[in-house]
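Here the structure is laid out as structure tokens; the discussion comes afterwards.
This chain uses plain numbering: 1 for the first residue, then up along the sequence.
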Amino acid sequence: MKHSLKPAYSLTLVSLLVCLGSCSISNKDYLYLQGADSLYAVPQVIEEAFELKIQPDDELAVAISSKNAELIDPFNNSVLVGGGARSSGSTTTTANTSSRIAYFLVDKLGNIEFPILGTLHVEGRTCRQIAADIRDRLVIGNYILDATVNVRLQNTKITVLGDVNNPGTKSFNTERLTILEALGSSGDLKSTAKRSPILVIREQGGKRVAYEIDLRDPQSVYKSPAYYLEQNDVVYVQPNKSSRIKNSTGYTFISVGSTVLGLVVSIASIIIAST
């Protein structure tokens, strides 16, 4: 009887080895920021604080404040941009006069039309720089000597596509959005997604460029020009080979075949054991 059980044990062992071999996955292929704990054990100074640069079609919110509310009135009239309905080719709408905030749509030339101050070129500048420029013009022109100006970007949109749980175009109310935050807001990567390369496609200087990021490598993430995302960036996560195989007809055939084979092996093991 001992000798008759050996074939059954052999068949069962082979089946288990085949299953384990096909299902084994290296953790190193899926772990984010490997070695970051030792690499950044000593805090490192961020070399340059990131600030978004304004682009055409951006929407800016400009808030002006002063101790004398009457001085602000000329800058809160019906020709301010934003708040109301826009017409194509025009950047003129109704402003929210109660909050002293006006919205400006940057035209294709990178300009906004500011009441009294006229045309301001804002493309390629940061919100902080634009605010300082408007404040200086108000003071130098003796319009508002104690003016406080704040400028914020209103429409930071990022598109995340590919093998993530919640793909789509998302709006963010921040000027410092990282690739990790964008992926997190999309429900993280699926288990079938590649951790490298993550593609970031960006329109820059009239050209379309692509950056590659390896989420497993902290240097690749934090040193990438695409670590901080910009307006209208597209992030694409590729599926790995296992995802493509699982979705194929061949995989379905193999899966069914392996199930049948397992059933045959089990029946054969029972028969051999009983005889």
Can you tell me how far [atom2] of [Y] sits from [atom1] of [X], rounded to the nearest 0.5 angstrom?
| X | Y | atom1 | atom2 | value |
| --- | --- | --- | --- | --- |
| E113 | T119 | CD | OG1 | 3.0 Å |
| I134 | I64 | CD1 | CD1 | 6.5 Å |
| Q34 | R195 | CD | CZ | 11.0 Å |
| T126 | F50 | OG1 | CZ | 10.5 Å |
| Y236 | T159 | OH | OG1 | 14.0 Å |
| I54 | Q231 | CD1 | CD | 6.0 Å |

When you look at L117 and L138, which way does the side chain to side chain contact (heavy atoms under 4.5 Å, CB included) test go after all the steps? CA-CA 8 Å; L117 299 183; L138 293 174; 4.1 Å; yes
For residues 147-155, please give each side-chain donor-acceptor pair under 3.5 Å, one per line with the distance, not counting sequence neighbours.
residue, atom, partner, partner atom, Å
N155, OD1, E59, N, 3.0
N155, ND2, D57, O, 3.3

Heavy-atom donor-acceptor pair, S220 side chain to D214 backbone, under 3.5 Å: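 Checked: pair present.
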Could you tell me whether a side-chain N or O of S224 sits under 3.5 Å from a main-chain N or O of A226, the two making a donor and an acceptor?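 Such a contact is found between S224 side chain and A226 backbone.
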Quick check: is [Y] connected to [X] through a chain of hydrophobic side chains (ILVMFWY, heavy atoms under 4.5 Å apart)?
| X | Y | value |
| --- | --- | --- |
| L60 | F172 | yes |
| V139 | I116 | no |
| L199 | Y227 | no |
| V235 | Y32 | yes |
| L33 | V200 | yes |

Can you find a heavy atom in the side chain of [X] that is under 4.5 Å from one in the side chain of [Y]?
| X | Y | value |
| --- | --- | --- |
| L120 | F104 | no |
| V122 | N111 | no |
| V160 | V234 | no |
| E203 | E230 | no |

Could you go through R202 and Y211, starting from their C-alpha distance and side-chain angles, then the distance that decides it, and tell me whether this counts as side-chain hydrogen bond (donor to acceptor under 3.5 Å, both in side chains)? CA-CA 8 Å; R202 173 176 299 167; Y211 299 97; 4.6 Å; no
side-chain hydrogen bond (donor to acceptor under 3.5 Å, both in side chains) involving N165 - partner list, sequence neighbours excluded: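 Residues passing side-chain hydrogen bond (donor to acceptor under 3.5 Å, both in side chains) with N165: none at all.
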Can you give me the closest heavy-atom contact between [X] and [Y], atom names plus distance?
| X | Y | answer |
| --- | --- | --- |
| G110 | H121 | O-ND1, 3.5 Å |
| I72 | S66 | CD1-N, 3.4 Å |
| L39 | P218 | CD2-CG, 3.8 Å |
| E175 | C127 | OE2-SG, 3.3 Å |

Verdict with supporting geometry, N232 and Q55, side chain to side chain contact (heavy atoms under 4.5 Å, CB included): CA-CA 10 Å; N232 307 313; Q55 303 175 6; 4.0 Å; yes
For residues 130-141, which residue pairs qualify under side-chain hydrogen bond (donor to acceptor under 3.5 Å, both in side chains), counting only residues two or more places apart or in two chains?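 Passing the test, one end in residues 130-141: R125-D133, D133-R137.
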Could you please spell out the steps behind the side chain to side chain contact (heavy atoms under 4.5 Å, CB included) verdict for L189 and L183? CA-CA 7 Å; L189 279 65; L183 293 174; 3.8 Å; yes
Give a yes or no on whether K53 atom NZ has more than 12 heavy-atom contacts from other residues, nucleotides or ligands under 6.0 Å away.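 Atom NZ in K53 is not packed in, count stays at 12 or less.
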For N173, does the CG atom sit with more than 12 other heavy atoms under 6.0 Å from it, leaving out its own atoms?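 Incorrect, the count does not exceed 12.
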Does the side chain of D163 come under 3.5 Å of the side chain of T192 through a donor N or O and an acceptor N or O?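 A pair is found: one side chain offers a donor N or O, the other an acceptor, under 3.5 Å apart.
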With a 3.5 Å cut-off and no angle check, do the side chains of N166 and S186 form a donor-acceptor pair?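 Per modelled atom types, N166 and S186 side chains form no pair under 3.5 Å.
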Do the two ring centres, one from Y222 and one from Y40, sit under 6.0 Å apart?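 Distance test on ring centres: under 6.0 Å, yes.
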Walk me through it: do I213 and I179 pass the test side chain to side chain contact (heavy atoms under 4.5 Å, CB included)? CA-CA 9 Å; I213 295 177; I179 180 69; 4.3 Å; yes
Identify which one of I158, L52, D233 satisfies the side-chain contact (heavy atoms from CB on, under 4.5 Å) criterion when paired with L177.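 Of the listed options, the one satisfying the test is I158.
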